[in-house]
Amino acid sequence: MTQNAAPIRVLVVDDDAMVLTGIRGILQAAEDIEVVGTASSGEEALEKVALHFPDVVLMDIRMPGIGGIEAIERLVNSVRPPKVVSLTSFDTDDYLFRALEAGAAGYLLKDVAPVALAESIRKVHIGEPILSPRSMQQLISKVTTGQDRRQQREATELLADLTAKELEIAVLVAQGLSNQEIADSIFMSTATVKTHLNRINIKLDTSNRVHIAVIVERARMGNVGATGQQR
């Protein structure tokens, strides 16, 4: 962390006190991350976010009362939405898809290594994905299986509103590339890639990279190369 940079403010949400203590201890070792609070339920998480305005929320999925999925959906639609990362013990496509569909910016298992946890928070804070290409493809396959011609047509019409450069970037997102990898592959700065991604999200009415990838795959353009031609 540079001398003038503010730490990344994190709220940790889990109904297991030992998990909260463990994650707080891990993150306190990172100089550029500050744990501003913890919560043990979805209801408490909403209250603590309104009180502390964290940059990133680590959200457990299965909790009594308001569960993690509903809490994620409420938070990402709030006035000052934080980036929310789903933190769970369950490595299943259903939980993964539901969390991302609700608006989570990433998905982590609770056995993630301490260094990887801190790095994931840094990535999501700057808009980078924290979902492996394999997981991305699993999700896309789940969503697009059994799609009809109407869905394909709607996806194609949405992509028609993109410029050539925006379409190129959308296709690379569908291939699981990070902002830095996209920037390197098309000789562009990461800041410019982020600007294009913001425009893509506005035009497609999407909220994250997974939704962009799903639209690309529904239009059956996942194998389109940088030139816009089928491989």
Side-chain angles (χ1 to χ4, degrees), residues 1-63 65-89 95-96 99-131 178-180 190-191 193-195 197-198 201 206-211:
M1 181 175 67
T2 63
Q3 196 168 22
N4 297 322
I8 303 169
R9 296 165 55 80
V10 177
L11 178 75
V12 186
V13 185
D14 200 290
D15 62 349
D16 187 327
M18 291 184 64
V19 172
L20 290 178
T21 300
I23 292 177
R24 178 189 281 274
I26 290 170
L27 297 181
Q28 283 177 337
E31 294 183 357
D32 58 339
I33 295 174
E34 176 187 3
V35 178
V36 296
T38 61
S40 58
S41 68
E43 292 90 341
E44 188 180 5
L46 297 174
E47 294 173 0
K48 291 290 184 71
V49 167
L51 179 65
H52 297 294
F53 296 108
D55 301 306
V56 177
V57 175
L58 296 180
M59 179 73 71
D60 188 21
I61 292 293
R62 296 185 64 176
M63 295 181 292
I66 296 177
I69 300 297
E70 183 179 347
I72 291 170
E73 191 168 28
R74 290 195 190 186
L75 288 177
V76 298
N77 289 297
S78 61
V79 176
R80 289 179 56 179
K83 302 280 179 56
V84 186
V85 177
S86 171
L87 189 64
T88 179
S89 303
Y95 279 117
L96 175 59
L100 294 171
E101 188 177 43
Y107 189 92
L108 292 174
L109 295 179
K110 290 181 182 178
D111 61 0
V112 62
V115 173
L117 176 61
E119 185 58 28
S120 294
I121 289 172
R122 297 183 186 105
K123 282 186 175 182
V124 77
H125 181 57
I126 62 172
E128 291 285 342
I130 48 173
L131 187 66
S178 67
N179 288 357
Q180 186 61 61
T190 54
V193 170
K194 290 178 184 178
T195 298
L197 282 171
N198 287 336
N201 278 319
T206 49
S207 60
N208 59 51
R209 307 169 80 90
V210 174
H211 292 164

### Task
Identify the heavy atoms of Glu73 and Val76 that sit nearest to each other, and give their distance.
O-CG2, 3.4 Å
### Message
Between Asn179 and Arg209, does the side-chain contact (heavy atoms from CB on, under 4.5 Å) criterion hold? Intermediate values first, please.
### Response
CA-CA 10 Å; Asn179 288 357; Arg209 307 169 80 90; 2.6 Å; yes
## Note on the structure
When every non-hydrogen atom of Ala102 is compared with those of Ile69, the smallest separation belongs to CB-O, 3.8 Å
### Message
Out of the candidates Val56, Val36, Val35, only one should pair with Ile8 under the side-chain contact (heavy atoms from CB on, under 4.5 Å) rule; please name it.
### Response
Val56
### Summary
Correct closest heavy-atom pair for Ala99 and Ile72 would be O-CG2, 4.3 Å
### Task
Decide yes or no for Ile126 and Thr190: does some side-chain heavy atom of the first lie under 4.5 Å from some side-chain heavy atom of the second?
no
### Qualifying residue, where the test is side-chain contact (heavy atoms from CB on, under 4.5 Å) with Pro54 and the options are Val10, Val84, Leu11
Leu11
#### Entry: Pairwise side-chain contact, Ile121 with Leu58, heavy-atom cut-off 4.5 Å (strictly under)
yes
### Task
Specify the closest pair of heavy atoms between Pro7 and Glu34, including all atoms of both residues, with the distance to one decimal.
CG-OE1, 3.7 Å
### Within residues 10-28 or reaching into it, pairs that qualify as side-chain hydrogen bond (donor to acceptor under 3.5 Å, both in side chains) - sequence neighbours excluded
Asp14-Lys110
### Ile66 backbone acceptor or donor facing Glu43 side chain under 3.5 Å
yes
#### Entry: Residues that Glu119 engages under side-chain hydrogen bond (donor to acceptor under 3.5 Å, both in side chains), provided they are two or more places apart
Arg122
### Query
Can you tell me how far the CG atom of Leu75 sits from the CD atom of Glu70, to the nearest 0.5 Å?
10.5 Å
### Query
Taking Lys83 for the side chain and Ala105 for the main chain, is one N or O donor matched with an acceptor at less than 3.5 Å?
no
## Note on the structure
Note: Leu46 and Ala71 closest approach over all heavy atoms is CD2-O, 4.2 Å
### Task
Write out all pairs satisfying side-chain hydrogen bond (donor to acceptor under 3.5 Å, both in side chains) with one or both partners inside residues 47-58, taking only residues at least two apart or from two chains.
Glu44-Lys48
### Task
Indicate the atoms forming the closest heavy-atom contact of Ala118 with Leu27, along with that distance.
CA-CD2, 4.4 Å
### Message
Among Val12, Leu117, Val112, exactly one meets side-chain contact (heavy atoms from CB on, under 4.5 Å) together with Ile26. Which residue is that?
### Response
Leu117
